[in-house]
Amino acid sequence: MYRSKLAASAALATVLTFNPGSLHAQTSALSAAVRVNDHSEPTLSFPAQERDTQRKLDELFARTGKRPNIVWLVVDDMGYGDPGCYGGGEAIGAATPNIDRLAREGLKLTSTYSQPTCTPTRSAMMLGRLPVRTGLTRPILAGDRVRVNPWAGETSVARILSDAGYHTVLTGKWHTGELNSMRPFEVGFDEFQGYYASQKELTQQVDARRYPDLVLDPDMATRIKTVGGKIDMYYGRKSEDERVVERTTSIEQFAEADQTLAKFTIDQIKRNARGEKPFFIAHNFMRVHADNHPSTAFRGKSTAKYPYKDNVVEVDALIGDIVAALDDAGIADNTFVFITSDNGPQLDAWPDGGYTPFRGAKGSPWEGAVRVPGIAYWKGVIKAGRESNGLFDLMDLFNTSIRFGGALDKIPTDRYIDGIDQASFLLADDGKSKREKVFIWVEQNLAAMRMYGYKIMTKVVQEQAQWLNIDMTTVSNVGLAPWLFNLYVDPKERYPVGHRMNAWLASMLAELKAEEATFKKYPPKAVGLEQ
Ligand code: CA
């Protein structure tokens with residue numbers, strides 16, 4: 001059963017005025033966001049940019065006669081600091097000219113937030129809901145047995161867009177359930193080609209140098225194949241079963257996976273560009289999650305020469321190829337593209353891991369885990385050269401994409417939706433974010449919240465050995481006061497200003513209480529992934 005994990009001190013609790021009986025209660029003096037109903041996230045209101053955005057969308061529809069295509073390009077475990085436009089690139093041995101160009105020609109977001117790990121982020125993007133609500137609070141791992149299908153009763157962005165007349169495709173990594181009724185083509189995608197697991201789970205079964213105990217011992221090899229799940233590349237269509245497209249037989253063969261997947265997406269773009277239906281493609285790269293093995297064409301292509309760096313260069317090139325395919329098909333001006341990473345770098349795998357300028361890494365509530373690159377590109381629609389520090393949660397892609405599909409009225413109202421329609425933030429020339437707060441959960445714990453430039457922590461994850469941000473950590477309550485950082489002056493979260501310097505501590509605690517209150521009316525699901 002869900003229980004409050006907040007560690008507010010008794011002294012602070014007395015100043016809270018929040019009434020848990022109603023979600024409409026005034027939360028705090030700091031908040032300007034308005035909650036219009038019990039099941040939607042409160043939003044900031046900017047009527048002029050809403051009108052500007054609707055005008056742009058109406059003009060586009062009048063000209064093209066088609067709803068816009070939607071392409072999500074999701075890299076796995078790429079750090080905020082990896083792309084050149086975020087401070088990395090050639091300076092850290094892996095140039096990213098394509099990502100940098102798209103950032104220059106579109107909108108570069110500097111406060112995009114993911115969940116701390118893969119499965120939670122991917123499910124949240126698909127459902128517009130916090131992982132704790134759906135039960136997908138951590139990756140489903142080899143040998144896991146979920147008690148309840150987390151997808152049962154959920155409505156994905158793919159299903160809503162498919163019902164609204166889109167051709168919906170998922171290419172690449174799924175990682176949100178491979179059992180029956182959990183697969184992409186069973187939860188709303190018309191077509192799927194890719195893998196169910198992450199790179200490491202595949203390489204564990206074929207890489208004898210890194211995992212000799214699993215690969216070279218025949219008994220162990222048999223066992224890992226039994227519990228390790230599916231490692232081949234699959235294709236599946238709605239209303240049909242899956243089939244193997246390519247068996248995963250060796251590292252050398254698997255190294256070409258992202259090349260094959262990019263070809264699949266480019267083929268989909270070519271085929272669907274001339275069709276009557278608009279399309280939604282979620283292209284999820286396998287790389288740059290450990291273990292990285294560059295394809296033959298990219299081995300040694302980075303300045304650094306390390307496999308991770310070669311794979312950053314490879315992903316950048318493939319992003320360039322996919323966007324070029326939109327241009328070649330003449331549909332770039334009617335296609336919304338969003339480039340991001342599903343979480344921060346996995347430093348446990350260093351040097352097979354990425355770079356972040358922030359504290360911590362994948363798995364924690366620190367910025368290093370959850371602040372990711374976010375680039376919105378839409379030729380001729382999103383003004384070139386924009387940059388914004390406005391808050392954007394990757395869950396917002398759920399509502400925003402459905403808005404582009406003209407199907408906002410199809411978002412369920414019988415459950416809590418955490419995503420926000422951010423179309424006007426992304427499309428209006430000087431659009432502002434409608435999101436006031438980002439809540440950061442670590443599995444079942446509401447650990448932190450960012451609000452404007454402030455971040456409050458009530459649970460901390462501390463690594464016990466440098467780099468081991470997942471494998472050797474402790475999770476603990478904070479002490480006498482929550483840890484509160486001003487991210488503008490302390491982006492690395494080194495100096496909590498807590499009760500000494502911040503007037504907003506009680507207000508931010510009230511916001512956390514209000515968030516917890518949403519679970520009273522809409523209880524979370526427990527599917528078997530709880531610790
Ligand atoms: Ca990931």
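Remember, it's 1-based here, ligands and their atoms both numbered in the order they're listed. Heavy-atom basis, side chains included; hydrogens, waters and symmetry copies ignored.
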Next item on the list: Decide, counting backbone as well as side-chain atoms, whether His175 has an N, O or S atom less than 3.0 Å from the Ca ion (ligand 1).
Entry: no

Margin query: Donor-acceptor pair, distance only, cut-off 3.5 Å: does the side chain of Glu201 make one with the backbone of Ser198?
Written below: yes

Checklist line | Metal site the Ca ion (ligand 1): N/O/S of Gln346 inside 3.0 Å | finding: no

Notebook entry, point to check: Which of parallel (below 30°), tilted (30 to 60°) and perpendicular (above 60°) describes Tyr196 and Tyr234?
Noted result: tilted

Notebook entry, point to check: Is it true that the NZ or CZ of Lys437 lies under 6.0 Å from the centre of Phe439's six-membered ring and within 45 degrees of the ring axis?
Noted result: no

Item checked: Heavy-atom donor-acceptor pair, Asp310 side chain to Pro294 backbone, under 3.5 Å -> no

Check: What is the name of the N/O/S atom in Asp76 that sits closest to the Ca ion (ligand 1)?
Finding: OD1

Checklist line | the Ca ion (ligand 1) to Asp77: nearest N/O/S atom name | finding: OD1

Check: In terms of ring plane angle, is the pair Phe185 and Phe192 parallel, tilted or perpendicular, where the classes change at 30° and 60°?
Finding: parallel

Check: OD2 (Asp342) to the Ca ion (ligand 1) to SG (Cys118): angle, nearest 10 degrees?
Finding: 90°

